[in-house]
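Before any comments, here is the structure.
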Amino acid sequence: MLVDTTVFITGATSGIGRSCAEAFARAGARLLLCGRRADRLAKLAATLDTEVHVFGLDVQDRDAVSAAVEGLDPDWAGIDVLVSNAGLAAGLAPLHEGDPEDWDRMIDTNVKGLLYVTRAVVPGMVTRGRGHVINIGSIAGHETYPNGAVYCASKAAVDRITQGLRLDTLGSGVRVSTVDPGMVETEFSVVRFHGDAERAEQVYQDLDPLTPDDVAEAVVWVADRPSHVQVAQVVLLPSDQASATRFARRG
Ligand code: NDP
Ligand code: 8X3
């Protein structure tokens, strides 16, 4: 059912977004891919056996987001599926000691960036009477963990925005879903720890985290349900994780 559908994935240069691009390409979809590191997108596109259009985009830049979507060639403008994946954690610190620059990056990307992309893409879906928005939330949107208040708040916001969009588009033919993973081994922790790869590696030590391909498989499954089926939410955890804070480590 995904053959020849147009799928727009934000944050496709790495991790879950990149795996989603590969999985949707295997399912026969045509892909619009963005992220800030445009060089990586060009390399990825060359490996995908489908029609791909890539463009550099910082989702924090509201004007750039609307210009990018409005400027799409008519052949690409009919977006069927939006995967709002671009996001990050920055820092892991008690709230009263946190760096406001980190807070700004998380809120500007995970919350405001997702809103800007939603605002740019969804009106076209409503006009066409069909479309599917799949937001990438997190277990962190369901529970707060120590030192992660702002990241968790940003993902709780994604959950509420998803619910709100589902209510506001009810009856329009647009479906709205979230896929909320637990721990996935990607560049996420390197980014969170500002490039400290050694510290990032410790996050995934002595347990089996999800892979970005595991999450992509769930996203494609959500997108591939018959049109009368709307998967509201998928919470996907590694078997070694029971909640945002409880892990089975075999150290
Ligand atoms: P990665 O760091 O591997 O990938 C993040 C992606 O987001 C990159 O492609 C990055 O591209 C893009 N991105 C970040 N900021 C921006 C921006 N301002 N504009 C455009 N693109 C941006 O991490 P993940 O794959 O793990 O993260 C993807 C999503 O999954 C995030 O929303 C994250 O919160 C969520 N998530 C991750 C989990 C995990 O354990 N890894 C668990 C639950 C949810 P570029 O830097 O090139 O712009
Ligand atoms: C990212 C995973 O471990 O920070 O959402 O909850 S975690």
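For this chain, numbers begin at 1 and follow the sequence in order. Counting starts at 1 for both ligands and their atoms, in listed order.
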Contact partition for R192 relative to ligand 2, non-hydrogen atoms under 4.0 Å: side chain

Parallel, tilted or perpendicular: ring planes of Y151 versus F188, cut at 30 and 60 degrees: perpendicular

Sub-4.0 Å atoms of ligand 1 with respect to non-hydrogen atoms of G15: 3 (O), 25 (O)

Protein contact to atom 23 (O) of ligand 1 [nearest heavy atom, distance to 0.1 Å]: T186 OG1, 3.4 Å

Distance filter under 4.0 Å to S138 heavy atoms, resulting ligand 2 atoms: 1 (C), 5 (O), 6 (O)

Whether over 12 other heavy atoms sit under 6.0 Å from E201 CD: no

Within reach of ligand 1, part of A12 (heavy-atom separation under 4.0 Å): backbone

Nearest heavy atoms of G91 and H194, plus distance in Å: N-NE2, 3.8 Å

Sub-4.0 Å heavy-atom approach of K155 to ligand 1: yes

Where ligand 1 meets M183 - atom numbers and elements under 4.0 angstrom, heavy-atom basis: 40 (O)

Sidechain-backbone polar pair: R166 side chain, A232 backbone, donor-acceptor under 3.5 Å: yes

Sub-4.0 Å heavy-atom contact, G182 with ligand 1: yes

Result of checking V117, L31, V133, L72 against F8 for side-chain contact (heavy atoms from CB on, under 4.5 Å): V117

Heavy-atom nearest neighbour in the protein, as seen from atom 3 (O) of ligand 1, with distance rounded to 0.1 Å: S14 OG, 2.5 Å

Residue pair C152 / E143: nearest heavy atoms and the distance that separates them: SG-O, 3.7 Å

Within-shell test, P181 vs ligand 1, heavy atom, strictly < 4.0 Å: yes

For the student: nearest non-hydrogen atoms of R225 and V231, plus distance: CG-CG2, 3.7 Å

Interfacing atoms of ligand 2 (cut-off 4.0 Å, heavy-atom, F188): 1 (C), 4 (O)

Where ligand 2 meets I139 - atom numbers and elements under 4.0 angstrom, heavy-atom basis: 6 (O)

Contact check: V59 vs ligand 1, nitrogen or oxygen atoms, below 3.5 angstrom: yes

Option of least heavy-atom distance to atom 25 (O) of ligand 1 (set: I9, V83, I16, L88): I16

Exercise: identify the closest heavy-atom pair between L2 and A223: CD2-O, 3.9 Å

Test item, D58 contacting ligand 1 (heavy atom, 4.0 angstrom): yes

Sidechain-backbone polar pair: T6 side chain, D80 backbone, donor-acceptor under 3.5 Å: no

G137 to ligand 1, any heavy atom closer than 4.0 Å: yes

Atom 15 (N) of ligand 1 - nearest protein heavy atom and its distance: R36 NH2, 3.2 Å

Distance-minimising heavy-atom pair for G98 and A93: CA-CB, 4.2 Å

Sub-4.0 Å atoms of ligand 2 with respect to non-hydrogen atoms of Y151: 1 (C), 4 (O), 5 (O)

Numbered atoms and elements of ligand 1 in range of R37, under 4.0 angstrom, heavy atoms: 11 (O), 45 (P), 46 (O), 47 (O)

Heavy-atom nearest neighbour in the protein, as seen from atom 11 (O) of ligand 1, with distance rounded to 0.1 Å: T13 OG1, 2.9 Å

Atom 6 (C) of ligand 1 - nearest protein heavy atom and its distance: G11 O, 3.7 Å

Test item: S243 side-chain N/O and T245 main-chain N/O as donor-acceptor pair under 3.5 Å: yes

V184 and ligand 2 - part of the residue with a heavy-atom distance under 4.0 Å: neither

Atom 33 (C) of ligand 1 [closest protein heavy-atom partner, distance rounded to 0.1 Å]: Y151 OH, 3.7 Å

Interatomic distance, I79 atom CD1 to R30 atom CZ [nearest 0.5 angstrom]: 10.5 Å

Any N or O of Y204 closer than 3.5 Å to N or O of ligand 1: no

Whether R18 side chain and T13 backbone form a donor-acceptor pair below 3.5 Å: no

Trace of the side-chain contact (heavy atoms from CB on, under 4.5 Å) decision for D240 with F247: CA-CA 6 Å; D240 288 337; F247 298 92; 5.9 Å; no

Closest protein heavy atom to atom 13 (N) of ligand 1, given as residue, atom name and distance to 0.1 Å: A86 CB, 3.9 Å

Ligand 1 contact on V184 by region, counting heavy-atom pairs under 4.0 Å: both

Ligand 1-proximal atoms of L57, by part, heavy-atom distance under 4.0 Å: backbone

Heavy atom of the protein closest to atom 6 (O) of ligand 2 (residue, atom name, distance): Y145 CE2, 3.3 Å

Atom pair OG1/CG of T10 and L114 - distance to nearest 0.5 Å: 7.5 Å

Side chain S66, main chain R62, donor-acceptor under 3.5 Å: yes

Sub-4.0 Å atoms of ligand 2 with respect to non-hydrogen atoms of A140: 6 (O)

Side-chain donor or acceptor of K155 paired with backbone N/O of I136 under 3.5 Å: yes

Subset of ligand 1 atoms that lie under 4.0 Å from at least one heavy atom of I136: 30 (O), 35 (C)

Residue portion contacting ligand 1 (non-hydrogen atoms closer than 4.0 Å) for E187: both

Minimum heavy-atom distance between A120 and V65, given as atom pair plus value: CB-CG1, 4.1 Å

Top protein contact for atom 31 (C) of ligand 1, by heavy-atom distance: N85 O, 3.2 Å

